[in-house]
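Read through the structure below, which is laid out as structure tokens, and then see the notes.
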Amino acid sequence: MPMVKAEAVHKNFGRLEVLRGIDLEVNPRDVMCMIGPSGSGKSTFLRCINHLEKIDAGRLSVDGELVGYRQRGDRIYELPDAEVCKKRAEIGMVFQHFNLFPHMTVLENLAEAPVRVKRESRAVAADRARRLLERVGLAEKVDAYPRQLSGGQQQRVAIARALAMQPKLMLFDEPTSALDPELVGEVLDVMRALAEDGMTMIVVTHEIGFAREVGDTLVFMDGGVIVEAGKPRDVLANPQQERTRSFLSKVL
Amino acid sequence: MADAVGVRPEAIKAVPVRHPGRWVAAVVVLAIAVYILYTIGTAIGNDRTGLGPHTGWLVVEKFLFNGLIFRGILLTLELTALAMLVGVVLGAILAVMRLSPNPVMSWVSWLYIWFFRGTPVLVQIFFWFNINLVLKSIDIGIPFTSLWLHGNTNKLIPPFMAALLGLGLNEAAYMAEIVRAGIISVEHGQTEAAQALGMDRGLVMRRIVLPQAMRVIIPPTGNETISMLKTTSLAFGAGVTELFTRQQQIATATYDVLELLIVASIWYLVMTSILTVGQYYIERHFGRGATRQLPPTPLQRFRRMLFTFHAGPPAPPELVPAGPAVPGSEHR
């Protein structure tokens, strides 16, 4: 069973159609990278997967269950908030601007959701937090506040914070776009290691190199539809569509 | 010279620009201030009773530590604390209501703020003070059951309660706007990040948004508290024996009107000064994480000042020891 399955997903903001029929599948342990010009709907699609945005038509499911809705017979019911929260807790998300909680230390950032949402004991949560920080190479920063860290360090903390919930799927929304060029590498290294450990990941990115090396599939989106998808090497080396070709010629 | 890496040239010692205008302005302003203070000071000190010189200041001294004044101060503090408590709690509720997706909630909150912010506090205090003229009893209970509490309005709303209601309910309207401004000042990404971690609405508000909103909420709340401390003098209108009423009572008996106003002013100043210091420390606490380093406490600043006065010319940056110069100024 695919981890994420989208069938004709539509989304509009008022009159503006942002997603105009997205079909795709992401298998467990796979890494899917999404590229495309800004405004193409990549980020919106990502946000639909954990129901930060509501889809307007089509079907979107994670691990075999509809996102934000429940189907009984022909009827679709909206999920109550409590259940939406429970589903979101199983999906990790990393944002372009990190969005760490500035009033909490790094350790508190990591332990907050496990303790408050999953009702883990403080000791267990803190223990896992420390191990995760070690994994992203920031063991010595447990007691620092986010503003005392560089952008790259903040983003690594943000990845560790998402992992602290032990998600079955990780969503990355342009995780390196707000970073200084020399800090991009350290974040990509952490993501690469995560992919090698078998995490299912969807990555919206402009890092073509990362997509080529780490991605199992590459999706090129434009104007709210998937223009082209396939193995990264094939799509990058031999794009079939004119739009893909012109986009790649600009970014490569 | 090209190989002299790291050799620091001599620090610039320039002759500073003179500012004669500043000196003239300072002298003029000081002269005016001294003249005003001297005129009023001696006028109060003038003998009006024929009992000897400087009677006015002796009267101030005599009543400054008067027992009645002290009881008034106590009541002023009590009224300030309780009215602010009502204001902050009710204000926070109103702010959350105002931002609620439920239109009835937001509309009721708007109406409350419109009404209580739009009418004078004194009118509101008088209103509660005189409510027993129209409302003889207050009944609270669950409809269609026998669970009802019955209270006589006169007993439920004595003067102190009338003043507290007037001040507190009015304050809630102002606090609601302050809290609302604080909440919307928190970046939306914070809410999204918290939601993505599976936090529900209440948790996001309590653990993520409100603590960050505090940084914006605290300074105006401090101002409100200081303002409230002085506004409690309007409780005079309801006959509450707080500081202002007490000095007024003594003044009507002794005719030392101005002297007792000075006594009251001194105590109001003492109390607002203490609140100002307290506000500084609370702001510092909630500023955690907002800057890379906490601002120093006044004591730390003083010690650092002494330190820099004794130190010689500033050392080149790489020689300054890393980390905070004064112990205890690190994050908690």
Side-chain angles (χ1 to χ4, degrees), chain A residues 43 46-47 49-53 80-106 108-119 143-150 157-158 161-167 169-173 178, chain B residues 96 99-102 105 179 182-219 281-296 322-324 327-332:
Chain A
S43 289
L46 206 64
R47 292 156 58 80
I49 295 174
N50 66 358
H51 207 50
L52 283 178
E53 303 288 354
D81 286 349
E83 284 184 54
V84 172
C85 288
K86 211 183 274 175
K87 293 273 173 63
R88 282 190 188 133
E90 298 174 345
I91 303 171
M93 184 153 186
V94 175
F95 299 86
Q96 181 178 356
H97 295 289
F98 331 133
N99 297 349
L100 292 176
F101 306 134
H103 59 303
M104 296 180 180
T105 64
V106 166
E108 287 165 348
N109 262 281
L110 265 67
E112 180 68 14
V115 169
R116 303 273 162 184
V117 178
K118 287 169 90 182
R119 305 248 157 247
D143 293 320
Y145 282 90
R147 295 242 164 98
Q148 296 169 315
L149 304 177
S150 72
V157 171
R161 176 177 70 178
L163 292 175
M165 291 296 278
Q166 299 176 294
L169 168 68
M170 285 284 283
L171 310 173
F172 293 85
D173 189 4
Chain B
V96 173
L99 296 168
S100 153
N102 184 335
M105 291 282 185
V179 173
I183 289 174
I184 55 182
S185 79
V186 178
E187 208 198 329
H188 187 62
Q190 291 290 311
T191 305
E192 277 193 349
Q195 282 176 335
L197 287 164
M199 295 192 190
D200 61 40
R201 217 178 232 298
L203 213 48
V204 174
M205 192 49 93
R206 250 188 9 258
R207 297 287 309 172
I208 307 301
V209 175
L210 277 181
Q212 292 184 62
M214 288 308 257
R215 227 162 48 76
V216 175
I217 294 172
I218 293 286
Y281 278 93
I282 296 175
E283 273 177 35
R284 192 169 173 274
H285 172 79
F286 282 103
R288 241 171 344 147
T291 50
R292 288 184 171 214
Q293 208 151 58
L294 279 182
S329 66
E330 306 95 357
H331 289 287
R332 287 188 304 141

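This structure is a prediction, so every number in the text was calculated from the model and none was measured. The chains referred to below are lettered A, B, ... by the order of the sequence lines, with proteins before strands, and numbering in each begins at 1.
- In this structure the side chain of B:M214 never reaches within 4.5 angstrom of the side chain of A:H103, judged on heavy atoms.
- Side chain of A:N99 to backbone of B:G189: a donor-acceptor contact under 3.5 angstrom is found.
- Between B:A193 and A:F95 the shortest heavy-atom distance is CA-CE1, 3.6 Å.
- Across all their heavy atoms, A:C85 and B:M199 have their closest contact at SG-O, 3.6 Å.
- Taking 4.5 Å as the limit, some side-chain heavy atom of B:R207 sits within range of a side-chain heavy atom of A:M104.
- Proximity to chain B (any heavy atom under 4.5 Å) is shown, for A:R161, by both the backbone and the side chain.
- Crowding of A:K87 atom NZ: a count of heavy atoms from other residues, nucleotides or ligands under 6.0 Å exceeding 12.
- Counting heavy-atom pairs closer than 4.5 Å to chain B, the top residue among A:L171, A:L100, A:N50 is A:L100.
- Atoms CD and CZ, on B:Q195 and A:R88 in that order, are 5.0 Å from each other to the nearest 0.5 Å.
- A:L52 touches chain B through its side chain: at least one heavy atom from C-beta onward sits under 4.5 Å away, while N, CA, C and O do not.
- Both the backbone and the side chain of B:I208 come within contact range of chain A, judged by heavy atoms closer than 4.5 Å.
- The heavy-atom pair separating B:Q212 from A:P102 by the smallest distance is OE1-CG, 3.2 Å.
- Taking 4.5 Å as the limit, every side-chain heavy atom of B:L197 sits out of range of all side-chain heavy atoms of A:V117.
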